[in-house]
Every structure is written in C-alpha cells, then in structure tokens.
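Read through the structure below, which is laid out as structure tokens, and then see the notes.
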Amino acid sequence: MNDIVKVLPNYKKFNDYISSVKNNTNPIMLSGLTDSGKVHFAYSTYFYAEKPICIITYNELQAKKIIKNLEYFSNKINFFPKKEIMAYDYLAESKDVTYNRIACLNDIYNKNASIIVTTIEAVSQKIIPEEVLYKNIFELKIGDIINLDKIKQTLVALGYERQEVVENKSEFSIRGGIVDIGIAEKQGIRIELWGDEIDSIRTFDINTQRSKEKIEKAIIYPAHEFILDKPLEEVAKNIEDEKDKEEILEGNYSTKIDKYWNEFYTNSDSTFIDYIKENYIIFLDEVGKIKARSENVIKDTKGLIQSLVEKKRFVPELLEKIDDYIAFLNKIKDKQTIYLENKDIGFVDKQSMHAKRNGYSFSYREVNFFRSSMDSLFKEVQTGLGEGTTIAILCGAQANVKRTKDLLAEKINNPRLLEKLIITEGSLTEGFECYDFNLLVISIEELFNIPKKRKRTPEQFKTGETIIFSDLKVRRLHSS
C-alpha cells in the first residue's frame, strides 16, 4: 500500500467520509484541496471504497496534470480524450486519440478500467452505442474449430486491416495456418491452426515477430470505435452528395461518420457517461470551471456551425449533437458523484448545492521547494519531524533516493528522527501538506534535474567570452 495513503484511516474525518461513500451518499463535496491533494483524495477513495473511479476535469491540460500525479499511485490509468469532430474533409484525427479512446472503452467493457481521467468536452460528445461497438467481439480458445473466411470477415467488421505482415496495432494477417492480430502497440496474438482446429495461441512481439507467452484463450475487441451498425448500402441511401456516397459504398467511410452521424447510427444519443456503470464513482474537478468550459464549447460550436452555413458548407451532424451542461448533469444525476474543489464554492447548480450539504472541508496547502530554498526544506522537515508529522519525500528516480538520504543525514544529525521519514521514488507536480491528517508530502525530483552546460559558440571562443552556470542564474564574464 502507498505510504501516503495508508496513514488516512488513522483519522476519524477520513473514515467518516469513506463511510459516506460506501453508504452511497450522493452527491458529496470535498473542499480546501490543492491540485495534488485532489488526486491524493481521489486515489484514496478508490483504494478504500474499493470502487473504480472516473475523474472529469475542465480541459486536457488539467487532465494530463491529473494523470501525471496519479502515476505516483498507480500504473494503470485510462485517458479518454475528446474527439476532433471533422468539420472539413481534410482534418485527420491523431492515431493516439483513436487508440486512447478505444483502449479506454475496451477496458471499461472488460472491467479492467479502474481509474479513468477525461474532460467535460469528451463526455459531452456523442459516441457509438455500447451494444453496437461490442456486437462483433469474439473469443478464441485452443481446440476451437474455426472458419478462416468467417474470422477474416469478423476482424474487418471490428476495424482491423488485413496486411501481409502485422506491423502495427489494429492490423491482421493470414499466412497459411497462422493468423496474426495486432492488439496493442507492441503486442499481437498469434493463432496457429491444425486444419480447422486452433492448435495454439501465443502472444508475439510486433517488432521482432517472435512468439512469446502461450495462452489458453484470447478475446478480440474492436480496433477503433467506427463500427458499423448497418450495411453501407443502407447508410448511403439517404446521402445526396454523390462523391460521399461513392466513397462510403467503397468502404472509405471513417472520415464520413461525423458528417452523416444520423445515417450511421440512427437515433443514437449515447455519450461516454453511458459506458460508466453504476459501480463507478465520478469525481468532478472544479465544477465551476467544468460548467464554464461546457458553455464555451457550446458557444464555440454554434459559432462554427454559423460559419459553415455562411460558407454554404455541410454541417457535420455530430457537431449539432454535443450535450450542454444541463444534459451532462442529467446523465450523471443517478451516479455517485464527488466534487473536488480548491475552495468553498457559491451556487453553481442545484446538484452542487446538494453536494455541499454532504460536504467535508479540509485544510491543504501547496508545498514547493527549489534549489534556492534548500535550507528552508531542511528546516521544514526538521520542524515537522519534531511535531510528529508524517513526512514523505518523493525523489523521482530510484537513484535519487540514496542521495536524498545521505544529504538529509548530513543536515539532520538525529538518526531517530530520520528513521521516521518516508523517502521514496516517484513524484507529484507539487507537494502538499494536509493539516487534517498531519501529513506533509514533498516532491523534490526537480532538485536533481540540473541544467546541462551549454557549449561555447565559435564567436565566444574568438572573443574569449566565458559562460558560467550556477544553480540560480547565468552570468557572462568577459576576459580583458
């Protein structure tokens, strides 16, 4: 168990909060938290309530910061990014976005997504209904009798592309009695047949093509989220643009789904929230900012639609189906929701006011130290140890742990006090102190990241100019 998580049950206030969570009190508000303190609380809730969590924040920059902090506690975090809705034919979405989205959805489906981070924009966009996305998944077991043509058709229906050799995720190949399927960036599944019977199933390394671990069965999930709900002929029958219709009928439809969403997925109103089942706890990071971002997204979308209309361009149907903030609240109203706030907030909406009535206020402060404040760090550590504070020092890489211990031993000449320190690898974007739990967490990874010396340019050699670097500033000295 993580050291800065295991101390929390020693305090009644935390136990009261966890009891409320386990008793399905809904909604709940936690205020007085720093950014890293929010992550500390969210992960601790996941750990002690024994429920998967989904953190929704106000933009992707904040989402990445949350993920960086969560990585100190866990190495299994799913990120669900927003989709770039294609307003123009030439806009191409990053493969990383596509892979992150389907990986998250697949992990939710197979109950392997315990910690999810996403944004209000991502959860407000319509997505393929769950029953459509997973209607074609199939399981392969040793001893099964299979039809190669059927396997090929199913893999294509799941979004896999046939290649001579699998070199990437979401590709497959059939060579004689061997079927290779790329299921991850570096890993694939290799099925070897004896006639029509599956003789063996192994994982293989996509880079080396070498077989690795033998497994008894494999479940093949969608390669992307653009799974068809109906035949292409039915999709295309109401599309007036002949060029678009021709491309769709030829199978080049992935870039047309945003444009003709209603034709591909009739009456679909699903969002990411519909994939989050009742056992998940939803955390809202700064509800005021979430609401403001949601309103700005709707405003910007209306502006884009107006611009497209004025230019007499087709308005993608998916662009017109983004949920506003009220629709988002209706989606989450029956799910256990916990608000994470820096400060006590005023009126945002009725649900947040209900959360305040079930609220817990905490006293956190942000803690940062720099090279110029090392003496302050030693002093704060010594004072905290004398007051019985639980102190954790996060050093970044494992190599820095011993260096930190040696440095503190020189400055704090009291072995008994030093034994009480938690000195470990890992880092947070900033440290924090929580007075309610008498806990101080200091992240000092940056203290070890000494800037590299710059090489002198030819001009500096000619003039005799020397650049001297210190920890705090850069000085230029000219020789006389």
Side-chain angles (χ1 to χ4, degrees), residues 1-5 8 30 32-47 52-82 94 96-97 99-101 103-104 107 112-123 185 272 280-286 289-290 293 338-342 362 364-371 377 391-401 404 422-434 439-451:
M1 186 194 307
N2 189 282
D3 287 310
I4 66 174
V5 172
L8 300 187
L30 307 178
L33 311 177
T34 62
D35 279 355
S36 54
K38 293 174 189 173
V39 172
H40 176 231
F41 236 104
Y43 179 81
S44 299
T45 305
Y46 155 75
F47 187 87
I53 64 173
C54 176
I55 303 175
I56 301 174
T57 190
Y58 45 90
N59 62 36
E60 292 205 347
L61 187 64
Q62 179 68 0
K64 290 174 182 177
K65 183 178 180 181
I66 289 171
I67 290 169
K68 180 174 174 57
N69 285 328
L70 278 168
E71 285 171 345
Y72 170 68
F73 300 96
S74 172
N75 60 6
K76 187 64 176 73
I77 302 156
N78 285 97
F79 175 48
F80 188 77
K82 69 178 181 181
S94 162
D96 288 341
V97 171
Y99 290 160
N100 283 333
R101 285 171 64 91
C104 184
D107 279 347
N112 196 34
S114 53
I115 302 173
I116 303 168
V117 180
T118 186
T119 65
I120 181 61
E121 190 167 358
V123 303
E185 187 177 349
F272 180 75
Y280 274 85
I281 299 172
I282 293 179
F283 285 92
L284 300 182
D285 173 36
E286 299 294 327
K289 293 181 180 180
I290 286 175
R293 177 59 184 156
I338 298 174
Y339 291 70
L340 301 172
E341 301 292 333
N342 288 132
F362 294 91
Y364 276 75
R365 74 175 176 97
E366 190 174 301
V367 175
N368 286 306
F369 289 102
F370 307 95
R371 290 190 186 90
L377 185 153
I391 302 177
I393 301 178
L394 316 183
C395 307
Q398 178 62 42
N400 297 332
V401 174
T404 302
I422 301 166
I423 304 176
T424 183
E425 59 185 313
S427 66
L428 296 171
T429 54
E430 65 274 329
F432 64 86
E433 182 169 18
C434 180
L439 172 65
L440 173 63
V441 179
I442 303 170
S443 188
I444 61 171
E445 179 185 31
E446 292 301 319
L447 301 185
F448 297 100
N449 296 334
I450 299 174

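The analysis underlying the following values was restricted to heavy atoms, covering all of them including side chains, and did not include hydrogens, waters or symmetry mates. Keep in mind that this is a model prediction, so the values were computed, not measured.
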Out of Ile444, Leu440, Asn400, which residue meets the side-chain contact (heavy atoms from CB on, under 4.5 Å) rule with Ile393?
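Answer to the side-chain contact (heavy atoms from CB on, under 4.5 Å) test with Ile393 among Ile444, Leu440, Asn400: Ile444.
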Can you tell me if CD on Glu425 sees more than 12 non-hydrogen neighbours from other groups inside 6.0 Å?
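More than 12 heavy atoms, drawn from other residues, nucleotides or ligands, come within 6.0 Å of this atom.
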For Phe362 and Phe41, take the angle between the two ring planes, folded into 0 to 90°, and tell me which bin it lands in: parallel under 30, tilted 30 to 60, perpendicular over 60.
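Phe362 vs Phe41 ring planes: tilted.
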Check whether any side-chain heavy atom of Ile115 lies under 4.5 Å from a side-chain heavy atom of Phe73, and answer yes or no.
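Not touching, per the 4.5 Å side-chain cut-off.
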Could you give me the CA-CA distance, side-chain angles and deciding distance for Lys65 and Val39, then say whether side chain to side chain contact (heavy atoms under 4.5 Å, CB included) is met?
CA-CA 10 Å; Lys65 183 178 180 181; Val39 172; over 6 Å; no
Can you give me the closest heavy-atom contact between [X] and [Y], atom names plus distance?
X      : Y      : answer
Pro52  : Ala113 : CB-O, 3.9 Å
Asn100 : Pro81  : CB-CD, 3.8 Å
Lys38  : Leu33  : CG-CB, 3.8 Å
Gly431 : Asn368 : N-OD1, 4.0 Å
Cys54  : Tyr280 : N-CD2, 4.3 Å

Dump the intermediate steps for side chain to side chain contact (heavy atoms under 4.5 Å, CB included) on Tyr364 and Glu433, then the final yes or no.
CA-CA 6 Å; Tyr364 276 75; Glu433 182 169 18; over 6 Å; no
Return the [atom1] to [atom2] distance between [X] and [Y], rounded to the nearest 0.5 Å.
X      : Y      : atom1 : atom2 : answer
Leu428 : Asp35  : CG    : CG    : 11.0 Å
Leu70  : Ser36  : CG    : OG    : 11.0 Å
Ile120 : Lys82  : CD1   : NZ    : 12.5 Å
Phe79  : Ile66  : CZ    : CD1   : 10.0 Å
Asn2   : Ser44  : CG    : OG    : 8.0 Å
Leu377 : Ile442 : CG    : CD1   : 5.0 Å

Check for a donor-acceptor pair, side chain of [X] on one end and backbone N or O of [Y] on the other, with a separation under 3.5 Å.
X      : Y      : answer
Asp285 : Ile56  : no
Asn69  : Thr429 : yes
Glu445 : Leu394 : no
His40  : Phe432 : no
Thr119 : Glu60  : no

Under the side-chain hydrogen bond (donor to acceptor under 3.5 Å, both in side chains) test, residues paired with Thr34 that sit two or more places apart:
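With neighbours one apart ignored, the set is empty.
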Check whether the ring centres of Tyr43 and Tyr72 lie less than 6.0 Å apart, and answer yes or no.
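Aromatic pair excluded; centres sit 6.0 Å or further apart.
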Pairing of Glu286 and Arg293 as salt bridge, 4.0 angstrom limit
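Not counted as a salt bridge, because no side-chain N and carboxylate O are separated by less than 4.0 Å.
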